[in-house]
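What follows is one structure encoded as C-alpha cells, with my remarks underneath.
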Amino acid sequence: QLQFVESGGSLVQPGGSLRLSCAASGFTLDGYAVGWFRQGPGKERERVGCTDHTLGSPYYADSVKGRFTISRDNTNTVYLQMNSLKLGDTGIYYCARRRAFCSRSSTNFGSWGQGTQVTVSS
C-alpha cells in the first residue's frame with residue numbers, strides 16, 4: 001500500500017517541543033513534494049508546511065513560521081520539528097505527497113497516512 005506512516009505525536013506542555021516523522025511506505029520521495037497538514041478539534045485540515053522536489057526552502061503557514069522546521073533525509077523520511085508549541089497546535093498531523101511542487105490545497109495531495117496525534121496541554 002502506497003502511503004505515509006506518521007509517528008512521534010504525544011502529549012506535551014505549552015512551550016515544549018516534538019519531532020514528528022513521516023516515512024514513505026512503498027514508494028520513493030524522489031520527484032515529489034511532501035506536505036505536512038494538521039486537523040485540530042472542530043477545525044478543517046490546514047497545511048502546516050511543505051517541501052518540494054527541489055529540496056529548496058520549505059513553505060510554512062504563518063501560524064507556525066519560526067517555530068516549525070521541515071527536513072528530509074535520504075532514508076525516504078520527512079521530519080517536522082516543532083518548537084515553542086502552543087495550545088492551538090493541538091491536532092492530528094498528517095503528511096502527504098504530490099508530484100514535483102507544493103500546493104496550498106490538501107485535495108491536490110495523495111498517499112495520506114493515518115496521522116499522529118499531538119496534544120498541547122498544561
Side-chain angles (χ1 to χ4, degrees):
Q1 199 168 9
L2 306 179
Q3 67 179 55
F4 286 102
V5 178
E6 301 93 341
S7 62
S10 180
L11 171 65
V12 62
Q13 291 187 340
S17 297
L18 281 177
R19 188 193 195 205
L20 306 184
S21 298
C22 167
S25 176
F27 59 92
T28 176
L29 293 179
D30 292 343
Y32 285 93
V34 178
W36 277 100
F37 299 82
R38 69 184 178 190
Q39 187 162 15
K43 298 180 180 179
E44 294 191 354
R45 188 172 296 185
E46 64 170 337
R47 195 187 78 175
V48 172
C50 187
T51 173
D52 69 29
H53 79 107
T54 65
L55 305 184
S57 297
Y59 304 96
Y60 298 99
D62 288 342
S63 58
V64 307
K65 205 170 292 183
R67 301 188 297 120
F68 290 13
T69 304
I70 294 174
S71 61
R72 292 169 72 149
D73 65 16
N74 58 3
T75 64
N76 236 20
T77 302
V78 180
Y79 302 94
L80 180 66
Q81 177 67 43
M82 306 188 296
N83 299 326
S84 301
L85 283 161
K86 304 176 180 180
L87 298 177
D89 295 321
T90 294
I92 301 174
Y93 284 70
Y94 304 87
C95 51
R97 65 169 177 165
R98 75 184 299 266
R99 184 68 72 174
F101 296 103
C102 294
S103 170
R104 293 184 182 276
S105 174
S106 63
T107 60
N108 293 327
F109 287 78
S111 301
W112 292 86
Q114 296 300 307
T116 185
Q117 175 72 48
V118 172
T119 303
V120 183
S121 175
S122 55

Candidates R38, M82, R47 - the one meeting side-chain contact (heavy atoms from CB on, under 4.5 Å) with V64: R38
For the [atom1] atom of [X] and the [atom2] atom of [Y], what is their distance to the nearest 0.5 Å?
X	Y	atom1	atom2	value
R98	T107	CZ	OG1	9.0 Å
L87	Q13	CG	CD	11.0 Å
S103	D52	OG	CG	12.0 Å
S71	Q81	OG	CD	8.0 Å
R97	Q3	CZ	CD	11.0 Å
L80	C22	CG	SG	9.5 Å

Show your reasoning for whether side chain to side chain contact (heavy atoms under 4.5 Å, CB included) applies to V118 and L18. CA-CA 9 Å; V118 172; L18 281 177; 3.9 Å; yes
May I ask you to test the [X]-[Y] pair for a side-chain heavy-atom distance under 4.5 Å?
X	Y	value
P14	L85	no
F37	I92	no
Y79	R19	yes
Q117	T119	yes

Please name the pair of heavy atoms, one in [X] and one in [Y], separated by the smallest distance, quoted to 0.1 Å.
X	Y	value
C102	A33	N-CB, 3.8 Å
L29	A24	CD2-CB, 3.9 Å
S121	L11	CB-CD1, 4.0 Å
C95	V34	CB-CG1, 4.3 Å

Is a side-chain donor or acceptor of [X] paired with a backbone partner of [Y] at a separation under 3.5 angstrom?
X	Y	value
T77	A23	no
E6	Q114	yes
S84	R67	no

Hydrophobic clustering (ILVMFWY, side-chain heavy atoms < 4.5 Å, transitive) - are F109 and V78 grouped together? no
Less than 4.0 angstrom from a charged side-chain N to a carboxylate O is my criterion; do K86 and D89 meet it? no
Can you tell me if OH on Y60 sees more than 12 non-hydrogen neighbours from other groups inside 6.0 Å? yes
Whether R45 engages the ring of W112 as a cation-pi pair (distance to the six-membered ring centre under 6.0 angstrom, angle to the ring normal within 45°) should be assessed. yes
Using ring centroids (six-membered ring only for Trp), state whether F68 and W36 fall under 6.0 Å. no
Which of Y32, F27, Y94 passes ring-ring contact (aromatic ring centres under 6.0 Å, His included) with F4? Answer is F27
